[in-house]
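Just so it is clear: chains get the letters A, B, ... in the order the sequence lines come, proteins before strands, and each one is counted from 1.
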There are 2 protein chains.
Amino acid sequence: MRSASEDLTTRARIRDAAVLRFARSGFGASLRAVAADAGVSPALVVHHFGSKERLHAACDEHVLAWIREAKRENLAAATSGRLVEVLASAEAQFAPMVGYVLRSLQDGGAVGRAFVEQMIADAEQYTAEAVEQGLARPSRDEKARVRYLVLSALGALLLSLTLDPPSDPQDVGAAVRRYLDQMALASIELYTEGFLTTHRMLDDYLAYAPDPPG
Amino acid sequence: MRSASEDLTTRARIRDAAVLRFARSGFGASLRAVAADAGVSPALVVHHFGSKERLHAACDEHVLAWIREAKRENLAAATSGRLVEVLASAEAQFAPMVGYVLRSLQDGGAVGRAFVEQMIADAEQYTAEAVEQGLARPSRDEKARVRYLVLSALGALLLSLTLDPPSDPQDVGAAVRRYLDQMALASIELYTEGFLTTHRMLDDYLAYAPDPPG
DNA sequence: TAGCGTACTGAACATGCGTTCAGCCAGCGA
DNA sequence: TCGCTGGCTGAACGCATGTTCAGTACGCTA
C-alpha cells in the first residue's frame with residue numbers, strides 16, 4: 001500500500017486520479033477532467049466503472065478502506081483530537097485522502113458520515129478509558145458529550161478550511177496543521193479550565209431539563 | 001419588513017424566490033427553477049439581474065442587510081451561542097434566511113464569511129464584558145479563543161445538519177432547535193467544568209510554545 | 001389618438017455534461 | 001497466418017444549463 005506508482009491497473013490509475021480530482025475540485029468535477037488527469041479517454045472511465053455515480057462509490061469504498069487501514073496502524077495515538085493530527089501529518093501521498101474526506105463531510109456523502117460515526121465510536125471508548133483512569137471528568141450524558149466533542153472539532157476544522165481555503169488545494173495537510181497550531185491553545189485551555197466561572201448556567205439547565213440520558 | 005407579501009416589485013419577488021430556492025437546493029439550483037418558483041420566465045430574471053452570478057450577489061446583499069437588521073433588533077440577547085438560537089426561533093418567514101446562511105457557510109460564499117466575521121467581532125465584545133464581570137475566565141489569547149469558540153459552535157451545527165439533513169428542507173429552524181436541544185447539556189458542561197481533570201496537557205503546551213498572542 | 005419606453009415572453013443558441021456506440025488495435029491461442 | 005477477445009478511442013447523442021434576441025403587451029406622456 002506504499003505508493004501510487006505507475007505500474008497499476010488502468011482501472012486503479014483512473015480511481016486514484018478521481019480521488020485526487022474530487023479532493024481538489026469537489027464532486028462536481030467532470031468525468032472528462034478525471035479522464036484527462038488519468039491520461040485516458042472519457043469513454044474508458046465509464047467502460048471501467050459504468051457511470052460517474054459508480055465511480056464516486058468506488059472512490060468512497062477505496063478511501064474508507066484506506067481509513068480503516070490507517071486507523072489500525074495508528075490505534076495507539078488515535079484519540080479523538082489526535083487522529084486528525086495523525087492524518088494531517090501523514091505522508092504527502094495521503095493528503096488527497098484527507099482532502100477527499102473533507103469534501104465528503106462538506107456535502108454529506110457516505111464517506112463523511114461513516115468517518116464521523118467511526119470517530120464517535122472510537123472516541124466513546126477512549127473517553128470511557130480516560131474517565132476510568134481519572135484523566136477526564138465524567139459526563140451526565142457520555143454519548144451526547146462525545147458526539148458534541150467530535151462534531152465540534154471536525155466542524156470547526158471543516159468550516160475554517162471552507163471559509164479560508166488553502167490557495168494551493170494540493171496541500172490540505174499543511175492547512176490542517178496550520179489550523180491546529182492556531183487552535184491548540186484555545187482548545188486545551190477550554191478543555192482543562194472551562195469557560196465560565198460559576199455553575200449557575202449548568203444548574204439552571206439541570207433544573208429545567210432534568211432527564212438527560214433519555 | 002414584515003411580510004413577503006404579494007404586492008412587491010417583480011424584481012423583489014424574483015429575489016425572494018431565489019433566496020428560498022438557494023436555501024433549499026443550494027447554489028447549484030438552476031435559473032429556470034428560480035424563475036418557475038417566482039412564476040416568471042427565465043429570460044425575465046436575467047433581464048432584471050443580468051446574470052445568475054449577479055442574482056447570487058443580490059441575494060447575498062439582501063441577506064446580509066437582513067442580518068444586520070436582525071442583529072440590531074436583538075442586540076441584547078445576541079451572545080455568541082444565543083444568536084443562533086434567536087435566529088432559529090425567529091418567525092417561520094425567516095427560516096429561508098437561516099437556510100441561506102448555512103448554504104453560504106457550506107460553500108464558503110461571501111455571506112458565510114461575513115457572517116462569521118460579524119459573529120466573531122460581536123463575541124469578542126461580549127466575552128470581554130463577561131471576563132470583566134467575572135463571569136468568564138480570562139484567556140491567554142482572547143482573540144484566538146473567541147475565534148475557536150465561534151468556529152466550533154457554528155461548525156458543529158453546520159456539520160450536523162449536513163450529515164443528517166432535515167427531511168423537509170422547509171424547516172431548517174426546527175432542525176436547528178432540535179440540534180441545540182441535543183447539544184445543550186454537553187456544551188454547558190464543557191463550558192463550566194471543562195473536560196480534563198489535570199493541568200498537565202496545558203502546562204506541557206505552554207512550556208512547548210511559550211508566546212501565544214504573537 | 002399616437003408614440004414611446006418598459007416589463008415581459010417564447011424560441012433559439014452555444015456550451016458542457018454524462019453516456020453510447022461502432023470500430024481500432026495489440027496480444028494470443030489455434 | 002487467421003481469428004478473436006478485450007482494452008481503448010473518436011465521434012456522436014440527448015439533455016440541461018446560462019444567455020440572447022426579436023417581438024408582444026401594457027401604461028404613460030403629449
Subject >> Closest heavy-atom pair and its distance - B:Ala186, A:Arg145 >> reply: CB-CA, 3.7 Å
**OP:** Could you tell me from which nucleotide to which nucleotide of DNA chain C, 5' to 3', there is an atom under 4.0 Å from chain A heavy atoms?
**Re:** C:dC17 to C:dC21
Original post:
Residues two or more places apart in sequence or in another chain: which of them pass ring-ring contact (aromatic ring centres under 6.0 Å, His included) with B:Tyr179?
Top reply: none
Subject >> Members of residues 23-33 of chain A that approach DNA chain D, where some heavy atom sits under 4.0 Å away >> reply: A:Arg32
**OP:** Could you tell me the separation between the CD1 atom of A:Ile14 and the C1' atom of D:dG7, rounded to a whole number of Å?
**Re:** 10 Å
Original post:
Of all heavy-atom pairs between B:Ala35 and B:Val45, which one has the smallest distance, and what is that distance?
Top reply: CB-CG1, 3.8 Å
**OP:** Could you give me the CA-CA distance, side-chain angles and deciding distance for A:Glu189 and B:Arg140, then say whether side-chain contact (heavy atoms from CB on, under 4.5 Å) is met?
**Re:** CA-CA 8 Å; A:Glu189 239 185 23; B:Arg140 289 156 190 83; 2.8 Å; yes
**OP:** Mark yes or no for whether B:Arg103, through its side chain, and B:Ala23, through its backbone, hold a donor-acceptor pair below 3.5 Å.
**Re:** yes
Original post:
Minimum heavy-atom separation for B:Gln106 to A:Thr162, with atom names?
Top reply: O-CG2, 3.4 Å
Original post:
Got A:Phe49 and A:Arg11 here, is their nearest side-chain heavy-atom distance under 4.5 Å?
Top reply: yes
Original post:
Whole-Å distance between D:dA11 P and A:Leu44 CG?
Top reply: 17 Å
**OP:** Go through the structure and list residues passing salt bridge (charged side-chain N to carboxylate O under 4.0 Å, His left out) with B:Asp60, not counting sequence neighbours.
**Re:** none
**OP:** Could you identify which residues of residues 45-60 of chain A place a heavy atom less than 4.0 Å from some atom of DNA chain C, listed by residue number, or say none?
**Re:** A:Val46, A:Ser51, A:Lys52
**OP:** Return the minimal non-hydrogen interatomic distance between B:Ser25 and B:Ala29, and the atom names on each side.
**Re:** CB-CB, 4.1 Å
Original post:
Does a donor on one side chain sit under 3.5 Å from an acceptor on the other, for A:Arg15 and A:His62?
Top reply: yes
Original post:
Which angle, rounded to 10°, do you find between the first-five-pair axis and the last-five-pair axis of the helix from C:dT1-D:dA30 to C:dA30-D:dT1?
Top reply: 20°
Subject >> Residue pair B:Leu102 / B:Leu158: nearest heavy atoms and the distance that separates them >> reply: O-CD1, 3.7 Å
Original post:
Any chance the rings of A:Phe27 and A:Tyr100 have centres within less than 6.0 Å?
Top reply: yes
**OP:** Return the minimal non-hydrogen interatomic distance between B:Leu196 and A:Thr192, and the atom names on each side.
**Re:** CD1-CG2, 3.6 Å
